[in-house]
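Here is the naming used below: chain letters follow the sequence lines, and residue numbers restart at 1 for every chain.
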Amino acid sequence: MVEPHSDKHRELYDFKSIEDRWRNFWSEQGFFRARTEATEDKFYYLNMFPYPSGSLHVGHGRNYIIGDVITRAKIMRGLQVLNPMGWDAFGLPAENAAIEHETHPWTFTKKNIEIAKEQFRNWGVQFDWDREVTTCLPDYYKWTQWLFIQLYKHGLAYKKKATVNYCPTCDTVLANEQVVGGACERCGTPPQPRDLKQWFFKITDFAQQLLDDLDKLEKWPDNVIKMQENWIGRSEGAKVVFTTTADDPITVFTTRPDTLWGATFMVLAPEHPLVDKLTTEEQRDAIAEYQDMAARASAIERMSTDREKTGVFTGGYAVNPANGEKAPVWIADYVLMTYGTGAIMAVPAHDERDYAFALKFGLPIIPVIDRIDDRAKAFVPTAAMGSGMAAALDAIDLPYHRSDAGVLVLPTRADLDAGIDAIQSNLAPNSYATIVGARFAFIFPDDVIELDSVQSDREIVLRSALLTGSGFTARTAMEILHNIEGYSELLCHAEYGSMVNSGQFTGTPGDRAKLEVSEWLEEKGIGRATVNFRLHDWLISRQRYWGAPIPIIYCDQCGMAPVPDAELPVKLPEVEFIGKMGLGDIPGFVDTVCPTCAGPARRDTDTMDTFVDSSWYFLRFINSQDADKVFDRDDVDHWLPVDQYVGGVEHAILHLLYARFITKALCNMGHLGFDEPFARLFTQGMVCHTAYRCSEHGWLFPHEVKDSACPRCGKEVETDYFSMSKSKKNVVNPAKIIDQYGADTERLYTMFMGPPDRDIEWSEEGIRGAFRFLNRLWNLIITNVDRLADVDATVDSGPLAGDGAALWRRVHRTIKKVSEDIEDRFSFNTAVAAIMELFNELSAYIAGDEVDAALLRQAVDALVLILSPFTPFICEELWQRIGHTDSILEQAWPTFNASALAEETIEVPVQINGKVRARIRVARATNADPKALEAAVLASPEVEKRIEGKEIIKVIAIPEKMVSIVVR
RNA sequence: GCCGGGAUGGCGGAAUUGGCAGACGCAAAGGACUUAAAAUCCUUUGAGGGUAUCCUCGUGCGGGUUCAAGUCCCGCUCCCGGCACCA
């Protein structure tokens, strides 16, 4: 380490005064003000804008510091950078806070915005504040309403009935997130379902496009792409129409039209509209009771997947169009009204759920798809073993298991006939055996009955009952088989095998079956191939105050009409205290005049989902100060798509899907020239911290816990890592860190602590490490300011040797690495590590005997420049101290000299029999040529010694990598 | 259940295209400075053995491919996330 001559007078790293000096500098200089009309290469960086809920913690900081690092580097690259910020300010928490404090939601929101802005300033995180948007202000939501009207005019916004959760105690509609554990989050009352007419956006029109265009998003994380795929949930199948005992037919969606012949019953969702018509008088009470229970159960919560199947027979029947069989119609809550048509054809032999249901309620199960693995099992109960059975089975040489209960034979498809023959001819009188898998049959002494139809199912049950006598309870053949040990895995499968027991389609191979049946359905006019999506239309109506009012007017004479553009925005009424009510409860709000006939009319009293506000804000930033139009088409086309979008993975589905949908919709309408809003997406991980919890008194602040005991009851507290949140009392306040160590230290540690896409634990020790590094950096440069004065940074690398040459190479290698890590790899932790390595080498070099002044200058300049995006305050200060007069942001990002990357002599590891045994230095030229490299290595004394007296089998020489020698 | 992602020293993590495992930082131990402590600086630090120059083992587990595997293939275990009775 350097021994500075004037140690006692050395200036200490006074981060407070340094950071105060530069805190306003960058924004005052306008470095972060993007010129909309600029023609240089642009870079639109965007962080997901926050909901202003209170002060931000160090975990939030991670998000914005990433953006600040990237944009500072891009500015130095000479790009026209746009990094705007705004507030996703509508929503429930503000409304709740307003209710709690008896203030207006805006009061709460405004205060939080001020706090957050000050926090950004303290972090040194810069935005183009001239473009700030706040979704709850009329100059923004005017355009949210404009967007609604555009969608309405293009048929993409429509009204229909939907169920909401209504809390009778609070006398208000609850948002889904207000229903916690099946009860109102505030009063604990179970909510009641209520049907209201509500607005929807027709996102399903874009389902296929939203799915297809995921392929375009090459620079999105795979997991987000997958989540969106799952959410859209495309599945290919067919719609099939079943006639019924009521007048109306039942239409079902199935992904397996090839299993139609096995559809032995139908199941409707309890709330399916046809239930009423199909229900017979005898069943009416039972059906009503079940419907009631289902309605309540769905409100209480989705139960786990593996709960027992329940359901009730309606008394009505449908007709299977494939084989004319009567299929009883049931209702059950495992069929969802919200997917497909709300009705299914149940194929119990090839669907686990239908199988369980059929078994429980005694409905016939007929296999119609062959096994693809050819496995089969035949069971002969001990009582059915005739005298010759054992010998006969031995004779055909099949594997079998014997137990007290009987013999379980394992034939393959080829042995089936021989096996059945052997069993049948050796059955004891009045007994039977069974076979399942590649073939389903009951083997009676005088007959073999295949389980191939509902009739044969009945016949089998009758004959078995006769032979068994009293105690026989099975209602179906499959029920008999289900009770035989060892059979269960062969009774139901969902593979695509050849069709069997399916009339003229029997024998159709599995890879064609779906298609051929679909075509046949279409020919017969009883169905057709259909694509179904899990994605539903987007319900945007909210019965709340704190949101953008839906700009629709209802007139008794003229019907429904949008508010004319000139009358936008429809402002939220300014009322003192809102409480739990919606707009309908505010006197005077609904009253308006009809835009068509000027007669009295009513306003829509709902507000829009806050996801609508955030589904287009990235467009508004381009022309946010334009009061006359939402955006300028040319400007928006130039600046978008967003080059880099960064935010939490919790928005991987809804926000990103809605933003993509709105972009596509606006593009279709001709408002935009692009149809994907975000070219590149990055989702950062959360910052976790220890949280303390007492089983009795809940979450505790760390300072409350002494000797891991609860301060109130003395009980031992549980500790675990959780992402920082106020409710878990484990947030780290950046103000405290900044006060103690400075913003640069927080920034450096935040970027250094781990890969940015992963969750990570905040560590107090880590912070001190970052602080120590900045102190070392400060001390080294400040104590060497004299040596740097008036030196030109142009290095003549020719005469450099030894440590000098090594440092020179390190400087250039580090520039390359840090550039790639920041701009391409999103690997800030390794960029910081590389800078630390450069610093360590620089320190050692300075402490040495010979110091090349130009090299020192170049190294220090480069170090300060490439570190500056991470720690802008200290770097800006040092930059001035070492004699520069311009701001760092006016400097070009340093470039590396390619010739500096390669060393003159390179150390080549030598493996002998797979283990590294030596390292040989060879010249660069030698290393480039495999032959020369091999020769040089074999000739080296160290290697010679190692392989002496051994036979060389093989030598692999890979230039730039290593040499591997195989000896014996 | 299905779909993603992950597992590397005491800890956070690095190894970018199959090529020297453990960069960088933290923590710990020893030393220097100090009356002392803190701060700072120096040294050591995957495990085991020889204690020198070196050898053996080692990236969740079990196999495999290869001159060479944290990295590729097959089969598991555990953890995290998403979806979940989706027909």
Not counting sequence neighbours, which residues clear salt bridge (charged side-chain N to carboxylate O under 4.0 Å, His left out) with A:Glu837? List them please.
A:Arg810
Applying salt bridge (charged side-chain N to carboxylate O under 4.0 Å, His left out) as the test, list every pair that has at least one member in residues 750-764 of chain A; sequence neighbours left out.
none
Using a 4.0 Å heavy-atom cut-off, does A:Asn223 contact any base of the nucleic acid, only the sugar-phosphate backbone, or nothing at all?
sugar-phosphate
Within this structure, what is the CD1-to-P distance between A:Ile232 and B:A84, rounded to whole angstrom?
14 Å
Under the salt bridge (charged side-chain N to carboxylate O under 4.0 Å, His left out) test, which residues partner A:Lys219, sequence neighbours left out?
none
Would you kindly give the NE2-to-P distance between A:His272 and B:A87, to the nearest whole Å?
17 Å
Both A:Gly340 and A:Asp222 contact RNA chain B. Taking the nearest nucleotide for each, which residue is further toward the 5' end?
A:Asp222
So what does A:Ser763 hit on the nucleic acid, given a heavy-atom distance under 4.0 Å: a base, only sugar-phosphate, or nothing?
nothing
Closest nucleotide among B:G4, B:A87, B:C3 to the A:Ser235 side chain
B:A87
To the nearest 0.5 Å, what is the distance between NE2 on A:His350 and CG on A:Asp258?
9.0 Å
With A:Phe361, which residues qualify under side-chain contact (heavy atoms from CB on, under 4.5 Å), at least two apart?
A:Trp330, A:Phe357, A:Leu363
Any A:Arg772 side-chain N or O less than 4.0 Å from OP1/OP2 of B:C26
yes
Less than 6.0 angstrom from the centroid, inside 45 degrees of the normal: does A:Lys514 satisfy that with respect to the ring of A:Tyr496?
no
Holding to side-chain contact (heavy atoms from CB on, under 4.5 Å), I want the full list of residues that pass it with A:Phe828, two or more places apart in sequence or in another chain.
A:Ile66, A:Val69, A:Ile70, A:Met751, A:Pro756, A:Ile822, A:Phe826, A:Phe870
What N/O pairs connect the protein and nucleotides 7-13 of chain B at under 3.5 Å? Give each pair on its own line.
unit_1, atom_1, unit_2, atom_2, d
B:G12, O2', A:Met753, O, 2.7

Quick one: classify the glycosidic conformation of B:G48 as syn or anti, with syn meaning within 90° of 0.
anti
Would you please confirm or rule out a distance under 4.0 Å between OP1 or OP2 of B:C55 and any side-chain N or O of A:Arg917?
yes
Does A:Lys239 NZ have over 12 foreign heavy atoms under 6.0 Å away?
no
Rounded to whole Å, CG of A:Asp757 lies from C1' of B:G81 at a distance of 13 Å
Donor on one side chain, acceptor on other, A:Asp537 and A:Thr204, under 3.5 Å
yes
Neighbour count above 12 (heavy atom, 6.0 Å) for A:Arg680 CZ
yes
Short N/O separations, protein against nucleotides 57-59 of chain B, under 3.5 angstrom:
none

Examine distances only and state if a side-chain atom of A:Tyr290 and a backbone atom of A:Asp333 form a donor-acceptor pair shorter than 3.5 Å.
yes
Compare the minimum distances between each of B:U16, B:G82, B:C85 and the side chain of A:Ile653, then state the nucleotide with the smallest one.
B:G82
Please tabulate the protein-to-nucleotide N/O contacts below 3.5 Å involving nucleotides 18-22 of chain B, giving atom names and distances.
unit_1, atom_1, unit_2, atom_2, d
B:G19, N2, A:Gln911, OE1, 3.4
B:C20, O2, A:Arg919, NE, 2.5
B:C20, O2, A:Arg919, NH2, 2.8

Is any side-chain N or O of A:Asn840 closer than 4.0 Å to OP1 or OP2 of B:G25?
yes
Considering residues, nucleotides and ligands other than A:Gln208, do more than 12 of their heavy atoms fall under 6.0 Å from its CD?
yes
What is the distance, rounded to the nearest whole Å, between atom CG of A:Leu654 and atom P of B:C83?
9 Å
Comparing A:Val832 with A:Lys817, nearest RNA chain B nucleotide closer to 5' gives the residue A:Lys817
Check every strand shown and say whether A:Gly769 touches a base, only sugar-phosphate, or nothing at a heavy-atom separation below 4.0 Å.
sugar-phosphate
Pick one: which of A:Tyr13, A:Phe773, A:Phe771 meets ring pair (Phe, Tyr, Trp, His ring centres under 6.0 Å) with A:Tyr741?
A:Phe771
Phosphate contact (B:C67 OP1 or OP2) by A:Lys954 side-chain N/O below 4.0 Å:
yes
For A:Leu842 and B:C24, give me the distance from atom CG to atom P, rounded to whole Å.
15 Å
All stems that RNA chain B takes part in, i.e. 3 or more consecutive Watson-Crick or G-U pairs with distances under 3.5 Å, are B:1-7 with B:77-83, B:10-12 with B:24-26, B:28-32 with B:40-44, B:46-49 with B:54-57, B:60-64 with B:72-76
Given B:C85, B:A84, B:C26, the nucleotide with the shortest approach to the side chain of A:Arg534
B:A84
Sidechain-backbone polar pair: A:His689 side chain, A:Gly59 backbone, donor-acceptor under 3.5 Å:
no
Under the salt bridge (charged side-chain N to carboxylate O under 4.0 Å, His left out) test, which residues partner A:Arg62, sequence neighbours left out?
none
From the candidates B:U16, B:A15, B:A87, the one with an atom nearest any side-chain atom of A:Thr254 is B:A87
Look at all strands and tell whether A:Asp824 reaches a base, only sugar-phosphate, or nothing, counting heavy atoms closer than 4.0 Å.
nothing
Residues at least two apart in sequence or cross-chain that pass side-chain contact (heavy atoms from CB on, under 4.5 Å) with A:Pro702, listed by chain then number, are A:Tyr692
Compare the minimum distances between each of B:A23, B:G25, B:C3 and the side chain of A:Met836, then state the nucleotide with the smallest one.
B:G25
Within this structure, what is the CE-to-P distance between A:Met227 and B:C2, rounded to whole angstrom?
19 Å
Could you state the CG-C1' distance from A:Asp258 to B:A87, rounded to the nearest angstrom?
13 Å
Scan nucleotides 47-50 of chain B against the protein and return all N/O pairs shorter than 3.5 Å with their distances rounded to 0.1 Å.
none

What is the distance, to the nearest angstrom, from the CD1 atom on A:Ile331 to the P atom on B:C85?
18 Å
